[in-house]
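To start, the structure under review is shown below, and the notes come after it.
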Amino acid sequence: MITWRCLARTSQLVNKYQKYGLLATQVRRLSLLEHHSHRLLKDFNLPVPKGYLVTTPEEAEDVVFNINAPSVIKAQILAGGRGKGTFDSDQKGGVRIPRPREAYQSALNMLNHKLTTKQTPPTGLPVHKLYIYKAVDITHEYYLAMTFDRRRSSPIILISDSGGVDIETSNRLHQLWFQLDTGITPEIDSYIQAELGFSDSEMGTIHQLLCDMVRLFREKDATLLELNPLVKTTQGFVCIDAKFEFDNSARFRQEALFGCEEGDGEKEAKEAEKLGLSYVKLDGNIGNIVNGAGLAMATNDLITLVGGRCANFLDVGGGATREGLVRAFKILWGDERVKGVLINIYGGIVRCDMIAESIIAAAKDIGGFKMPVVVRLQGTNSDKGLKLIQESGLEHLVVEADFEKAAQVIVDRTPKFE
């Protein structure tokens, strides 16, 4: 049955750590731009280069001139793969080491232009800030991360002697489970030193670095601390790039940290969160309104399978109401990419006839539907709900009880994604 095949397919939203059984629960988490991450690392005594944040080409030129040495200029976006990405201005990457006289032009071609990487939407993300620091003389790159293994209910260290882009193809990723109350034990140190070949003095530095990471991980309610690469230089170890995520439920404890959140492409997600909804932006043109994360993933997979591309997941939750649906529609209507909408609701405690009444009321509140809208209702009182919608007289509205047919109808009625 095609629906079950869709449920079995790997969703594009599954985090790369899930192949290890890590972070298995899908929740939205705070992510930080690199310059915020470096400042946080520094606060916990982790080694980072001295960096400077700039927003104009003139500032970039001054910083590179004052450093008076080879300098790295890095675009600040919430996406990986910046070095291998391309700007729409000059087709060059988001990480550059220009000559001093080239700093101004490099910054000019980066600021307020879009950078496209493997982790951004196809149109890229706009860059409004650059982070600059003195280039370091790298002798070796490592990968080091801390996250949670949900299956074992334990934090875990992931470490490899293949860092940077090489981690994507490395099969030498070591996994070491630990407890926050015991931290880094001698057994963990011994294993790391034996497997990665650190000298005694180097291992002393790595041990302290891991202890500081554990303290940061615990005190800041982190779900992921990723140093990639952690580099060895002639002067010691330095954290060059970092990716951190923090538990959204810890917002009340980490107000200063969550106050750092920024980034284009997050507007809808932030708006939805304020309204008690869950929103995940994708790169297509078909909007989805669903109730439940599992249903959202299945809907995305089926739309993709029948030839469409989803613009988002918008989860109104198990207690979908008229107010929630009105808010959901307004978020989608404000997204110029959305050219069609599939409403896929499974009624349980919430009756489908109430959902139908809410959809009709929402349509009236926003002045009617201006694009194709397909509604699929299943569950409690679904027949009543579908009948109410069919008799509503609303334009551009189609009801379809079958999951596969509903997906096919919205794909057929939505302009082909370019």
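Applying the side chain to side chain contact (heavy atoms under 4.5 Å, CB included) test to K232 and every residue at least two apart in sequence or in another chain returns T139, H140, Y142, E202, F237. For the side chain to side chain contact (heavy atoms under 4.5 Å, CB included) test, residues two or more places apart in sequence or in another chain that qualify with I366 are F329, K330, W333, F369. Here K42 pairs with V48 under the side chain to side chain contact (heavy atoms under 4.5 Å, CB included) rule; sequence neighbours left out.
Defined by atom type and a distance below 3.5 Å, a donor-acceptor pair is missing between the side-chain atoms of N228 and D241. Judged by distance alone, the side chains of D189 and Q193 never bring a donor and an acceptor atom under 3.5 Å apart. Residues S154 and D149 bring no donor and acceptor atom of their side chains to less than 3.5 Å of each other. No hydrogens or angles considered: a donor-acceptor pair under 3.5 Å links the side chains of E187 and T185.
Taking CD of E61 as the reference point, atom CD1 of I132 lies at 10.5 Å (rounded to 0.5 Å).
The environment of Q91 atom CD is dense: over 12 non-hydrogen atoms of other residues, nucleotides or ligands sit within 6.0 angstrom. Around CD of E395, the count of heavy atoms belonging to other residues, nucleotides or ligands within 6.0 Å does not exceed 12.
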- Mind running side-chain hydrogen bond (donor to acceptor under 3.5 Å, both in side chains) on S162 and R172 for me, showing each step along the way? CA-CA 7 Å; S162 296; R172 301 194 301 272; 2.6 Å; yes
- Message: Applying side-chain hydrogen bond (donor to acceptor under 3.5 Å, both in side chains) to N285 and R337, what does each step give before you reach the verdict?
- Response: CA-CA 5 Å; N285 66 346; R337 303 171 308 133; over 6 Å; no
- Checking salt bridge (Lys or Arg N to Asp or Glu O under 4.0 Å) for the pair D43/K220: CA distance, chi angles, key distance, verdict? CA-CA 12 Å; D43 289 344; K220 294 299 181 181; over 6 Å; no
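Between T223 and T147 the shortest heavy-atom distance is O-OG1, 2.8 Å.
Residues F217 and F148 place their aromatic rings such that the two centres sit under 6.0 Å apart.
Of the charged side-chain nitrogens involved, at least one lies within less than 4.0 Å of a carboxylate oxygen, so that R82 and E34 count as a salt-bridged pair. Salt bridge status for R218 with D181: absent, with no side-chain N to carboxylate O gap under 4.0 Å.
When each of I184, L144, L41 is paired with M213, the side chain to side chain contact (heavy atoms under 4.5 Å, CB included) condition holds for L144 and for no other.
For the pair F403 and L302, the minimum side-chain heavy-atom distance is below 4.5 Å.
The side-chain tip of R215 does not point at the ring of F44 from less than 6.0 angstrom away and within 45° of straight on.
Classified by interplanar angle (parallel below 30°, tilted 30° to 60°, perpendicular above 60°), the ring pair H38/Y131 is perpendicular.
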